[in-house]
Amino acid sequence: MSKYSLYIDGDLISSDRYFDVINPATEEIVAQAPYASSAQVDAAIQAAHKAFPSWTKDESSRSVALKLAAEAIRKRSEDIAKLITLEQGRPIHFAIGEVAGAAATLEHYANFDLPPLLPLRSDSEKFVAIERRALGVVAAITPWNVPIILLILKVAPALKAGNTVVIKPSEFTPLSTLLLGEVLNGIFPAGVLNIISGDGEVGAQLSQHHLVKKITFTGSVATGKKLYAGAASDVKRLTLELGGNDAAIVLDDADPKAIAEKIFWGAFWNSGQICFAIKRVYVHERIFPQLLEALIERAKAARVGNGFEKDVELGPITNAIQFEKVKYFVADALKHGAKIHTGGAALAGPGYFYPPTIVTGVGEGVALVDEEQFGPVLPIIPFSDEKDAIRQANASPFGLGASVWTADAQRGLAVVRQLDVGLAWVNQHGDIHPGAPKGGFKWSGLGYEGGLRGYEEFSELQVVNAALN
Ligand code: ADP
């Protein structure tokens, strides 16, 4: 059984304890990941702390290192992508796309220059200026749904801004991240980038360490709230990218046949395991039957299977816990009078396969509509009054994304601007502009990732104010 290594202070090292990583398509063990001991968590943080002063001084070598990291990842793209498919389940062509996106993100930050901050005052009496200072050691804690791109979206700006990092991937998908230790070995000075693995306890130890100055986290609302509370005692900086319950509102003038394919992918890409997947669809009653029919037809045609098989569109649910949750949401919906039009039961094993499932007959008060299912089960809800559809979409503690579908983009913009979300789309769902900050309203997050605003979360502003005579 192959065993992966931790990456601490420039060394690939073993651990006393390992855990199995399961392939969700076969339920077989892919390999073993090291469970970082408490001393190893501390060593990784100490190494990052020690590496910080010289790393933060030398901005030009940071750009060079990020470019080299992009090249190194491209060279090993196939190996990294294979591991993503093995541990996460996504079809291999999507995994290759994820790795390409990670390399492009590293390059983007290598070339990223902040607009200079001009002095507020500079004359014979006074010099007053705002300057940026990196924070120090950043803890990057990541989830299992899109392990590499979500990691690089944190690590690339953190490093470019002059911080050092300790990374903790999800215990369900640690291997692709641990492989980066090997792929990037030698590119960054020892201690600048460290990778430890383990479960939530390892994450908790990392996030509470006194030398960690910032936590950047993507994951569940429950864990995000714990991190928020835990960060208070030390006033640690925090960026939280949490869950969502994105609504798609389809207005009466939309063309059901034309939009069904896009709504299908907006909801079911990665088997629905995306924070900003469409998780409920509100459709004007005039076109409800046609859109429902088109979505059922598309879902029935979906090719679900092992991500290494040719032409597979949707892989398995990534882990047994999430698989059980998906089954629970469907069982609960049925108890509340739901009608299942296609799917609705797990496929015969092995593997955590659940086909795309279209549900009607549910609304507010049912878990499938009110909570985040994070799986391939989509409730379709009719409406007659646009205002009420907007009210229902906003009646959620989440506020990540939403989309409005219509023949008239201006009308769509007017509606989407009334939705309380950080990502507001018209006639599409999920497109992320490279320069845009991504963040959620309400429980969906705190702070931003990406864009200038996201980048600035990796530094403090220091105002220097000198009396010159
Ligand atoms: P999910 O339900 O998507 O697995 P989690 O929020 O549990 O989401 O996990 C996201 C990441 O947070 C994982 O790397 C996990 O190990 C880590 N984690 C879980 N609990 C804690 C915690 N209390 N403190 C820090 N990290 C944690």
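Just so you know, ligand 1 is whichever comes first in the structure, and atom 1 is the first atom listed for that ligand.
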Tell me whether Glu241 contacts the main-chain N or O of Gly445 through its side chain, where contact means a donor paired with an acceptor under 3.5 Å. no
Parallel, tilted or perpendicular, judged at 30° and 60°: which one describes the rings of Tyr109 and Tyr455? parallel
Going by an N to O cut-off under 4.0 Å, is there a salt bridge joining Arg132 and Glu456? yes
Looking only at protein heavy atoms, which one is nearest to atom 17 (C) of ligand 1, and how far off is it? Ile141 CG2, 3.7 Å
Looking at Lys75 and Glu78, is any side-chain nitrogen of the basic one under 4.0 Å from a carboxylate oxygen of the acidic one? no
Relative to ligand 1, is Asp199 under 4.0 angstrom through side chain, backbone, both or neither, heavy atoms considered? backbone
Should the pair Arg298-Glu313 be classified as a salt bridge under the 4.0 Å nitrogen-to-oxygen rule? yes
What's the shortest distance from atom 27 (C) of ligand 1 to any protein heavy atom, and which residue and atom give it? Thr223 CG2, 3.5 Å
Counting only heavy atoms closer than 4.0 Å, does ligand 1 sit against the backbone of Pro169, its side chain, both, or neither? backbone
Taking 4.0 angstrom as the limit and counting only heavy atoms of Leu227, give me the atoms of ligand 1 inside it, by number and element. 24 (N), 25 (C)
Would you say atom 9 (O) of ligand 1 touches the protein, meaning some protein heavy atom is under 4.0 Å from it? no
Record the part of Asn145 in heavy-atom contact with ligand 1 below 4.0 Å; permitted values are side chain, backbone, both and neither. neither
Of all protein heavy atoms, the one nearest atom 11 (C) of ligand 1 is Thr142 O, 3.4 Å
Can you tell me the protein heavy atom closest to atom 12 (O) of ligand 1 and the distance? Phe217 CE1, 3.2 Å
Distance under 6.0 Å and angle within 45° of ring axis: Lys214 vs Phe458: yes
Glu171 heavy atoms within 4.0 Å reach ligand 1 at atoms 13 (C), 15 (C), 16 (O)
Using a strict cut-off of 4.0 Å, indicate which atoms of ligand 1 neighbour a heavy atom of Ser170. 13 (C), 14 (O)
Which atoms of ligand 1 sit under 4.0 Å from any heavy atom of Lys168? 13 (C), 14 (O), 15 (C), 16 (O)
Check this for me, if you would: do Asp79 and Lys82 make a salt bridge, where the nitrogen-to-carboxylate-oxygen distance has to be below 4.0 angstrom? no
Atom 3 (O) of ligand 1 has as its nearest protein heavy atom Trp144 NE1, 3.4 Å
Heavy atoms only: which of Pro147, Ala139, Gly200, Gly203 is nearest to atom 18 (N) of ligand 1? Gly200
Is the closest N or O pair between Ser220 and ligand 1 shorter than 3.5 Å? yes
Could you give all pairs that pass the ring-ring contact (aromatic ring centres under 6.0 Å, His included) test and reach residues 184-228, with sequence neighbours left out? Trp55-Phe188
For the residue pair Asp16 / Tyr35, report whether a side-chain donor-acceptor contact shorter than 3.5 Å exists. no
Kindly indicate, with the supporting measurements, whether the criterion salt bridge (charged side-chain N to carboxylate O under 4.0 Å, His left out) is fulfilled by Arg133 and Glu460. CA-CA 5 Å; Arg133 282 263 294 270; Glu460 302 275 21; over 6 Å; no
